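The structure appears below as structure tokens.
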There are 4 protein chains.
Amino acid sequence: MSDHRQGPVRSEAARIAVLEATARLFATRGYDHMTMEGVAAEAGVSKQTIYRWWPSKGALIADCLLERRLLPDQLTLPDTGDVRADLTSWIATIFRVLDRAGESLLRSLIAAAAENVEVGQRLHASLGMESSLTDRLRSAIDAGELRADAPLAEIGEALVGSLILRALSRQTVDEAGAARFVTAVLGASRA
Amino acid sequence: MSDHRQGPVRSEAARIAVLEATARLFATRGYDHMTMEGVAAEAGVSKQTIYRWWPSKGALIADCLLERRLLPDQLTLPDTGDVRADLTSWIATIFRVLDRAGESLLRSLIAAAAENVEVGQRLHASLGMESSLTDRLRSAIDAGELRADAPLAEIGEALVGSLILRALSRQTVDEAGAARFVTAVLGASRA
Amino acid sequence: MSDHRQGPVRSEAARIAVLEATARLFATRGYDHMTMEGVAAEAGVSKQTIYRWWPSKGALIADCLLERRLLPDQLTLPDTGDVRADLTSWIATIFRVLDRAGESLLRSLIAAAAENVEVGQRLHASLGMESSLTDRLRSAIDAGELRADAPLAEIGEALVGSLILRALSRQTVDEAGAARFVTAVLGASRA
Amino acid sequence: MSDHRQGPVRSEAARIAVLEATARLFATRGYDHMTMEGVAAEAGVSKQTIYRWWPSKGALIADCLLERRLLPDQLTLPDTGDVRADLTSWIATIFRVLDRAGESLLRSLIAAAAENVEVGQRLHASLGMESSLTDRLRSAIDAGELRADAPLAEIGEALVGSLILRALSRQTVDEAGAARFVTAVLGASRA
DNA sequence: TACTAACCGAGACGGTACGTCGCGTCTTCAC
DNA sequence: GTGAAGACGCGACGTACCGTCTCGGTTAGTA
């Protein structure tokens with residue numbers, strides 16, 4: 001009748017400790033100076049326990065991303081009724097929060113995404129590409145701010161892509177720069 | 001009496017061998033499975049010779065980028081008089097050439113850029129952000145295809161950024177997709 | 001009222017399975033490539049069941065030795081009435097049976113004995129040092145083959161010791177070699 | 001003309017440090033609680049440097065044995081003109097020096113020999129089986145203490161074998177015991 | 001009949017050590 | 001003064017077993 005496994009169950013405490021240690025070390029050291037041994041030590045867990053549940057460093061990051069442990073809550077896209085202002089402040093906030101000078105969290109995420117499929121996809125989702133960003137744009141259409149036939153997906157990718165490109169070439173984006181992006185990309189779609 | 005250095009000068013043969021080996025291994029193994037020891041062996045050169053002239057793996061890649069050893073010639077932006085067609089085919093070509101299934105050259109470049117300043121900046125330039133792309137857009141203004149006040153830099157970043165975002169999330173871009181990007185981003189600037 | 005334990009008793013099936021698995025793995029892999037986890041798996045038993053009843057790998061081996069599961073029956077010392085012939089053929093048989101080229105059972109036993117007290121003592125007994133060998137020598141005295149004051153214990157140790165030394169230095173002992181040992185050691189005690 | 005390799009030469013300092021650390025740890029911890037990492041740390045050397053020159057723990061021990069770093073000098077077989085006394089005191093000394101109660105150096109050597117060919121052979125040699133012991137016996141023949149046809153090799157193996165057997169079964173050998181061995185084994189060969 | 005302790009399998013856990021890889025520095029010899 | 005060769009100290013990798021532990025299920029005895 002029952003198909004439950006027998007034996008001890010996965011330790012939730014260990015799982016949490018690992019994810020927290022990962023988030024902490026990722027934020028402080030960056031993707032490629034974060035080591036599995038470091039995570040194990042920081043989490044007070046044996047290396048084997050990590051490898052038992054996560055096949056690689058990338059999977060660990062992806063999991064943190066999935067559980068919203070890497071990106072602060074401030075990064076949620078606001079909805080004040082003014083798309084342009086909302087997108088502008090969102091972009092500026094992302095940069096302010098994630099892209100410190102030397103070791104940038106955003107750049108670390110990009111590095112992780114570049115070498116791990118799962119992270120790539122989770123990052124895509126986490127930046128709102130799969131819901132919140134297009135949702136926001138759609139609500140702008142409903143509000144009559146954008147034309148009904150505006151290419152939402154492309155607009156979203158253009159905005160987030162610009163962001164990532166800037167992070168890669170070590171250029172910051174301030175409020176004014178963000179506004180320029182938004183204007184350039186949204187221009188054609190104004191109602 | 002003389003202030004000339006004495007002894008042999010830098011071996012051009014070694015320099016070429018290293019850059020070629022780097023390009024070869026970068027293309028086959030990707031950025032982070034490419035090792036300095038591997039390059040030395042492949043180039044038939046000692047490790048010391050590499051470290052004497054390049055401070056890091058990133059610098060090696062950046063140098064290859066500078067000497068146009070990593071990106072094939074096909075990637076130059078065409079100028080047929082039709083901006084939209086030119087940009088579309090350029091984007092599609094980049095994807096066709098750089099983004100093979102498993103080990104993508106584009107993704108490797110992104111990884112390298114993410115962890116090395118120099119590569120980040122060289123990549124930015126190599127993708128045309130510093131001249132050919134904006135040049136092409138400017139010539140489109142001259143030809144009356146785009147409005148005189150079109151935000152060239154932002155348009156360029158949006159296009160290239162979209163590309164990179166797609167590479168990171170493992171989605172391909174075909175001719176049609178490229179066209180959608182171009183339309184979305186250029187829309188506002190049509191003359 | 002009662003001081004009987006309650007609950008099920010020790011599973012004889014598990015006990016047998018463990019000892020058989022131990023003997024099998026000890027013979028095939030040798031002492032130090034035999035693992036507790038391997039024994040548990042081979043026996044279809046949980047690790048805990050092993051550790052519940054045996055404190056260590058050594059104890060497991062010692063127990064196998066005690067139950068005569070490691071050494072084949074052929075190794076019993078014959079008694080044909082001719083001590084020299086009996087001892088000679090016994091030694092030769094031990095070597096023929098226990099000391100195959102690469103992974104020698106005899107050498108594995110020595111390794112086990114070297115790092116575990118109990119095994120050391122069980123091995124000592126199993127090789128006849130505590131009864132059958134001295135018994136045989138004593139019966140040779142009774143038969144008038146040896147002098148009444150022959151130092152039985154020393155003779156036994158000399159014979160078995162020679163054997164072990166040969167096993168350690170990877171030299172085989174054939175019938176002729178065995179005969180030489182017996183002659184050398186028994187020589188002084190001929191009646 | 002020259003067939004010399006070029007490049008740096010093996011560091012003698014590292015070699016010595018490793019052998020000394022090995023001898024030290026072998027003596028204090030015993031064969032199987034001596035770890036490669038421990039040796040590396042104790043020697044102030046990287047693990048890789050050990051593995052570059054020695055394939056295994058056994059090889060390390062064998063090398064120490066070869067360089068006479070494990071067995072103290074006191075163990076050389078004396079030659080006072082009285083074979084029986086010499087052998088007796090030699091055996092007693094070996095036991096006094098090598099076979100402390102808990103962790104016996106002799107037993108560790110046996111364990112090492114049991115699982116490593118090279119150690120087995122080096123140990124055989126180090127205990128004098130290949131020269132000093134048979135030399136001593138031969139000189140006893142010359143001195144007329146033993147019969148000319150005494151089986152030297154067998155006598156040697158019987159003595160050393162008895163020793164090893166005693167070490168394995170955790171029985172000590174004092175002066176009197178040693179004397180009994182010598183008498184038993186040499187008895188037949190008295191001139 | 002129900003309770004309850006001791007058994008059993010499975011296997012997760014914190015550890016220690018393994019043997020390997022690549023780093024960036026260094027030393028040696030040849031040109 | 002370069003360059004090839006490659007040894008060195010170092011740090012991390014991913015794996016193998018250790019011995020302990022926690023599970024759910026099963027099996028005797030009481031009570």
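Hydrogens, waters and symmetry mates are skipped; everything else that's a heavy atom, side chains included, is used. Keep in mind that this is a model prediction, so the values were computed, not measured. Quick note on labels: first sequence line is chain A, next is B, and so on, each numbered from 1.
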Next item on the list: Calculate the interatomic distance between Glu42(C) atom CD and dG9(E) atom C1'; express it in whole Å.
Entry: 17 Å
Note to self: Within this structure, what is the CD1-CG distance for the pair Ile61(D) and Leu123(D), rounded to the nearest 0.5 Å?
What the structure shows: 11.0 Å
Check: Side chain of Tyr51(A): nearest nucleotide among dG24(E), dT15(F), dA5(F)?
Finding: dT15(F)
Next item on the list: Calculate the interatomic distance between His33(C) atom NE2 and dC18(E) atom P; express it in whole Å.
Entry: 13 Å
Check: Does NZ or CZ of Arg10(C) come closer than 6.0 Å to the centre of the six-membered ring of Trp53(C), within 45° of the ring's axis?
Finding: yes
Item checked: Nucleotide nearest Lys47(B) when distance is taken to its side chain, options dG22(E), dT15(F), dG6(F) -> dG6(F)
Notebook entry, point to check: Rounded to whole angstrom units, what separation is found between the CE atom of Met34(B) and the P atom of dC21(E)?
Noted result: 19 Å
Note to self: I want to check one thing: is the phosphate of dG3(F), taken as OP1 and OP2, less than 4.0 Å away from some side-chain N or O of Trp53(B)?
What the structure shows: yes
Check: Taking the side chain of Gln48(D) as its heavy atoms from C-beta onward, which of dC8(F), dG19(F), dC10(F) lies nearest to it?
Finding: dC10(F)
Notebook entry, point to check: Can you check whether Thr49(A) has a side-chain N or O nearer than 4.0 Å to OP1 or OP2 of dG14(E)?
Noted result: yes
Next item on the list: Quickly work out the Glu37(C) CD to dA10(E) C1' distance and round it to whole Å.
Entry: 12 Å
Item checked: Length of the CZ-P vector between Arg15(B) and dT2(F), whole Å -> 15 Å
Next item on the list: Check every atom of dC18(F), dG24(E), dC7(E) against the side chain of Met36(C) and return the nucleotide holding the closest atom.
Entry: dC18(F)
Notebook entry, point to check: For Leu60(D) and dA17(E), what is the distance between atoms CG and P respectively, to the nearest whole Å?
Noted result: 16 Å
Notebook entry, point to check: For Arg52(C), does the CZ atom have more than 12 heavy-atom neighbours from other residues, nucleotides or ligands under 6.0 Å away?
Noted result: yes
Checklist line | Selected nucleotide, minimal atom distance to Ala14(D) side chain, candidates dC8(F), dG9(E), dA10(E) | finding: dC8(F)
Next item on the list: Just call it for Trp54(B): base, sugar-phosphate, or nothing, with non-hydrogen atoms closer than 4.0 Å on any strand.
Entry: nothing
Next item on the list: Give one of base, sugar-phosphate or nothing for Gly44(B), where a contact means two heavy atoms less than 4.0 Å apart.
Entry: sugar-phosphate
Notebook entry, point to check: Does any N or O in the side chain of Lys57(C) come within less than 3.5 Å of the main-chain N or O of Asn116(C), such that one atom is a donor and the other an acceptor?
Noted result: no
Notebook entry, point to check: Rounded to the Å, how far apart are Leu25(B) CG and dG22(E) C1'?
Noted result: 14 Å
Checklist line | Spatial distance of atom CG (Leu19(A)) from atom CG (Leu65(A)) [nearest 0.5 Å] | finding: 11.5 Å
Notebook entry, point to check: Given that Lys57(D) and Val45(C) both sit by DNA chain E, which one's nearest nucleotide is further toward the 5' end?
Noted result: Val45(C)
Next item on the list: Among dG3(F), dA7(F), dC13(F), find the nucleotide with the atom closest to the side chain of Arg52(B).
Entry: dG3(F)
Item checked: Integer-rounded Å distance: dC18(F) P and Asp32(C) CG -> 11 Å
Item checked: Given DNA chain F, 5'-ward residue of the pair Glu12(B) and Ser56(C), judged by closest heavy atom -> Glu12(B)
